[in-house]
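The structure appears right after this line, and notes come after that.
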Amino acid sequence: SETHGITFRIQITVKELLDTDVLLKLLFHLPVNYPSTPPDISVNSDQLTRAQCIDVKDKLLEQAKKHLSEPMVHDLILWIQQHLTYVIKQSATVCSEKTTLSKGTSTEDGIWMLLLHLDHMRAKAKYVKTVEKWASDLRLTGRLMFMGKIILILLQGDKSNIKEYLILQKTSKVDVDSSGKKCKEKMISVLCETKVQSQHKRFQTFEVKEYSTLDELQKEFETAGLTTLFSEFVPPLLK
């Protein structure tokens, strides 16, 4: 829950390959039982790809497990400053291998589903493009759905990538306010976050779709084996 624990950002500059400066933007969420439980970590950088940022995050979480029951954030920052070049080089060598694994050996246990409701999009074209990029970078499939004033995002993918998407959605400036200034998404509701069940059909791609009637939207859910999800969460949005 966002109301528990502490969330803070740290920006560090690391001398990387060929003496290029890499600005790492680290987001730490310390749960109430930290340091017995490791922090949630998000990594962003304009100089790294999304895949490289995910690899950096995974390595930081591995290190965090070695420091359980003792304050660790400072140690994690020192560690990534010293090891970033190694992590990025390793990321490049295992990239193709990870892609093969994600396609061939992913188990249903690791596949989760997320249904989000957005109140509005002022800068629709830019917002849609951003959501499409995040879904692609994080290997998430599903739908961005528009029906009248209803805006829904339905995602399927690896649980850790689903959580990474949520962090991006809540912390990035994805829209503009009434005065046209870039702003974060504050009017978002997580309607459902659950493990994909055997009766659910997997989306093969991520698509942006518009529906002219509620029946059309309902058929999209029914085709994916998500009739119950639709009936529980979508009709109340019309009230």
Any side-chain heavy-atom pair from [X] and [Y] closer than 4.5 angstrom?
X: Leu191; Y: Leu116; answer: no
X: Gln218; Y: Val234; answer: no
X: Phe28; Y: Arg9; answer: no
X: Glu220; Y: Tyr211; answer: yes
X: Leu118; Y: Tyr127; answer: yes
X: Asn44; Y: Leu168; answer: yes

Identify the heavy atoms of [X] and [Y] that sit nearest to each other, and give their distance.
X: Gln47; Y: Leu23; result: OE1-N, 2.9 Å
X: Met72; Y: Pro39; result: SD-CD, 3.6 Å
X: Glu164; Y: Val43; result: OE2-O, 4.1 Å
X: Leu114; Y: Tyr165; result: CD2-CD2, 4.4 Å
X: Leu238; Y: Met147; result: CD2-CE, 4.2 Å
X: Phe221; Y: Leu154; result: CE2-CD2, 4.4 Å

When rounded to the nearest 0.5 angstrom, what is the spacing between [atom1] in [X] and [atom2] in [Y]?
X: Asp55; Y: Leu84; atom1: CG; atom2: CG; value: 11.0 Å
X: Leu217; Y: Ser212; atom1: CG; atom2: OG; value: 10.5 Å
X: Cys192; Y: His117; atom1: SG; atom2: NE2; value: 15.0 Å
X: Leu214; Y: Ile150; atom1: CG; atom2: CD1; value: 6.5 Å
X: Leu24; Y: Lys57; atom1: CG; atom2: NZ; value: 14.5 Å
X: Arg202; Y: Thr141; atom1: CZ; atom2: OG1; value: 5.5 Å

- Query: Can you check side chain to side chain contact (heavy atoms under 4.5 Å, CB included) on Leu144 and Glu207, steps first, answer last?
  - Reply: CA-CA 6 Å; Leu144 170 52; Glu207 297 178 29; over 6 Å; no
- Among Leu27, Val56, Leu76, side chain to side chain contact (heavy atoms under 4.5 Å, CB included) partner for Ile41: Leu76
- The single option from Leu152, Thr205, Leu115 passing side chain to side chain contact (heavy atoms under 4.5 Å, CB included) against Arg143: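 The side chain to side chain contact (heavy atoms under 4.5 Å, CB included) with Arg143 is passed solely by Thr205 among Leu152, Thr205, Leu115.
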- Message: As a quick check of understanding, evaluate side-chain hydrogen bond (donor to acceptor under 3.5 Å, both in side chains) for Ser160 and Asp158, giving each step before the final call.
- Response: CA-CA 6 Å; Ser160 64; Asp158 183 82; 2.4 Å; yes
- Query: Any Lys/Arg nitrogen of Lys133 or Asp137 sitting under 4.0 Å from an Asp/Glu carboxylate oxygen of the other?
  - Reply: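 So Lys133 pairs with Asp137 through a salt bridge.
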- Note: Glu193-Lys163 ion pair, threshold 4.0 Å (strictly below): yes
- For Phe146, is the NZ or CZ atom of Lys124 found under 6.0 angstrom from the centre of its six-membered ring and inside 45 degrees of the ring axis?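 Flagged: Lys124 positioned over aromatic ring of Phe146.
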- Message: For a side chain to side chain contact (heavy atoms under 4.5 Å, CB included) check, start with the C-alpha distance between Val22 and Ile12, then their side-chain angles and the critical distance, and finish with the verdict.
- Response: CA-CA 8 Å; Val22 174; Ile12 59 172; over 6 Å; no
- Message: Go through it in stages, so that I can follow the logic: the residues are Ile54 and Asn161, the test is side chain to side chain contact (heavy atoms under 4.5 Å, CB included), and I'd like the CA-CA distance, side-chain angles, deciding distance and then a yes or no.
- Response: CA-CA 9 Å; Ile54 292 172; Asn161 288 355; 4.2 Å; yes
Same cluster for [X] and [Y] if Ile/Leu/Val/Met/Phe/Trp/Tyr side chains link at under 4.5 Å?
X: Leu61; Y: Leu48; value: yes
X: Leu155; Y: Ile167; value: no
X: Leu78; Y: Val73; value: no

- Task: Evaluate side chain to side chain contact (heavy atoms under 4.5 Å, CB included) for Gln156 paired with Leu140, printing each intermediate quantity in order.
- Result: CA-CA 6 Å; Gln156 292 178 345; Leu140 301 175; over 6 Å; no
- Could you tell me whether the side chains of Glu132 and Ser136 share a donor-acceptor contact shorter than 3.5 Å?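 Checked: Glu132/Ser136 side chains show no N/O donor-acceptor pair below 3.5 Å.
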- Task: Begin from the C-alpha positions of Glu232 and Thr228 and carry the test side-chain hydrogen bond (donor to acceptor under 3.5 Å, both in side chains) through to its verdict.
- Result: CA-CA 6 Å; Glu232 185 174 351; Thr228 303; over 6 Å; no
